[in-house]
Amino acid sequence: MATPTLARYSLSEFAEDVRWGLTKDGQKEIHSKYLYDEVGSALFEVITVLPEYGLFRADERLLRENAESIAASLSAGQVVVAELGSGTGRKTFWLLDALAKKQPIVYSPIEISAKALDQNAKQLGQLRNVDVRPLQQPYLDGLLSVAAARKHGEQLLVLFLGSTIGNFEWRAAELFLTEVRQALIPGDALLLSADLEKPLSQLLRAYDDPLGVTASFNLNVLARMNRELEADFDLSAFRHLARYDAAERRIEMHLLSTRAQRVMIPRAHCSVPFIEGETIWTESSHKYRPEELKQMGRRSGFRPLRQWVDAEWAFAQTLFIAE
Ligand code: AVI
């Protein structure tokens with residue numbers, strides 16, 4: 001899964017982004033990448049096993065069920081697999097296993113977290129015929145390194161799983177796919193996972209579970225600012241809010257200030273006033289339509305080859321070939 005695990009950013013980058021996002025005019029915001037410190041990553045792992053959050057299981061089911069078909073759709077020659085935001089590679093196991101039955105493969109998990117990469121290499125390195133070559137880099141840098149190292153005649157298969165594409169704004173998602181395409185050559189492949197539109201009640205439960213794990217995951221970004229930036233957020237004066245924007249077709253996570261208050265953030269050199277009911281926007285999770293994924297792929301320079309939709313949870317995997 002493209003699990004955004006424990007990405008480390010420099011303190012000054014974090015402080016600068018916090019200062020910008022909380023002091024600008026209009027809607028306050030903090031980029032969702034800051035949700036994933038050590039505590040946030042552990043909470044996200046719990047989210048993936050919550051009964052209300054079906055995305056992770058749907059992705060894994062599709063990979064398990066269709067691994068052989070995906071392997072059969074690729075060229076008969078040597079395949080190099082690059083996984084963007086691999087996390088610990090819990091799900092990728094099924095696909096690598098199917099690919100490696102045909103022939104030895106090279107697998108490069110691309111991930112910013114050293115800890116996740118380490119776990120990934122340990123787990124997937126045990127598979128026979130799989131040569132794991134981890135890259136601790138941002139997605140596109142890592143992909144360019146893999147593309148530069150590939151030998152003549154090898155087909156590159158890029159995995160972008162977990163519906164991380166949903167955390168990009170619509171236009172940014174397409175731009176990202178275009179950049180992925182530019183790193184590839186015709187005949188290379190991309191397997192893209194995306195969560196689909198579904199009934200509102202199901203969506204809201206997935207992002208506001210009764211146990212409060214998602215609420216803790218969201219509130220942790222305030223605790224992180226207290227830990228790392230010496231801020232004085234009172235966590236009991238904020239609450240988790242998950243709401244659906246029907247026009248943008250996305251679930252938004254916010255942190256709502258339950259009273260008027262001022263928060264000091266010394267290491268970001270700012271103090272931030274909140275009025276009662278004001279929110280900090282922390283994440284967007286866009287929900288796709290199956291045909292829309294194919295069209296976005298086409299506009300980015302890919303030909304959709306196959307698409308699989310999970311029977312239990314509206315979720316799609318689309319296999320594209322670079323044109
Ligand atoms: C990582 N990403 C695809 C998750 C999502 O569903 O947007 C992150 C998440 N946020 C709340 N729950 C899960």
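Numbers here simply count residues along the sequence, with the first being 1. Read the numbers this way: they start at 1 and go in the same order the structure lists the ligands and their atoms.
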Show the atoms of ligand 1 that are less than 4.0 angstrom away from any heavy atom in F44.
1 (C), 4 (C), 8 (C), 9 (C), 13 (C)
Ignoring angles and geometry beyond distance, decide whether Y207 reaches within less than 3.5 Å of ligand 1 through its nitrogen or oxygen atoms.
yes
Minimum distance, heavy atoms only, to atom 1 (C) of ligand 1: which one of N167, D208, L50 is it?
N167
Per-atom contacts of ligand 1 with S163, taking only distances under 4.0 Å to non-hydrogen atoms
3 (C)
Is it true that the side chains of S300 and E179 contain a donor and an acceptor less than 3.5 Å apart?
no
Show every donor-acceptor pair shorter than 3.5 Å between a side-chain atom in residues 312-323 and any protein atom, with sequence neighbours excluded, or say none if there are none.
residue	atom	partner	partner atom	Å
W313	NE1	D195	OD1	3.0
Q317	NE2	D59	O	3.2
Q317	NE2	D59	OD1	2.7
T318	OG1	Q307	NE2	2.9

Treating Ile, Leu, Val, Met, Phe, Trp and Tyr as nodes and any side-chain heavy-atom pair under 4.5 angstrom as an edge, say whether L229 and L22 lie in one connected cluster.
yes
Give a yes or no on whether a salt bridge exists between E197 and K287, defined as a side-chain N under 4.0 angstrom from a carboxylate O.
no
If you measure every N/O of T164 against every N/O of ligand 1, is any gap under 3.5 Å?
no
Would you call R249 and E292 a salt bridge, using N to O less than 4.0 angstrom?
yes
Across all chains, not counting sequence neighbours, the ring-ring contact (aromatic ring centres under 6.0 Å, His included) partners of F233 are F238
Sub-4.0 Å atoms of ligand 1 with respect to non-hydrogen atoms of F217:
10 (N), 11 (C)
I need the atoms of ligand 1 closer than 4.0 Å to a non-hydrogen atom of Y53, numbered in the order shown.
4 (C), 5 (C), 6 (O), 12 (N), 13 (C)
Contact between ligand 1 and Y36 is defined here as a heavy atom of the residue under 4.0 Å from a ligand atom; is it met?
yes
Given E83, E45, E60, the one that forms salt bridge (charged side-chain N to carboxylate O under 4.0 Å, His left out) with R90
E45
Counting from 1 in the order shown, the ligand 1 atoms closer than 4.0 Å to a non-hydrogen atom of S285 are 5 (C), 6 (O), 7 (O)
Stepwise side-chain contact (heavy atoms from CB on, under 4.5 Å) check, V46 with L211:
CA-CA 11 Å; V46 180; L211 264 183; over 6 Å; no
Record the part of I251 in heavy-atom contact with ligand 1 below 4.0 Å; permitted values are side chain, backbone, both and neither.
neither
Those atoms of ligand 1 less than 4.0 Å from some heavy atom in G162
3 (C)
Ligand 1 atoms nearer than 4.0 angstrom to some heavy atom of L55 are 6 (O)
Do the charged groups of R267 and E228 touch, with an N to O distance under 4.0 Å?
no
Please determine whether any non-hydrogen atom of G166 lies less than 4.0 Å from an atom of ligand 1.
no
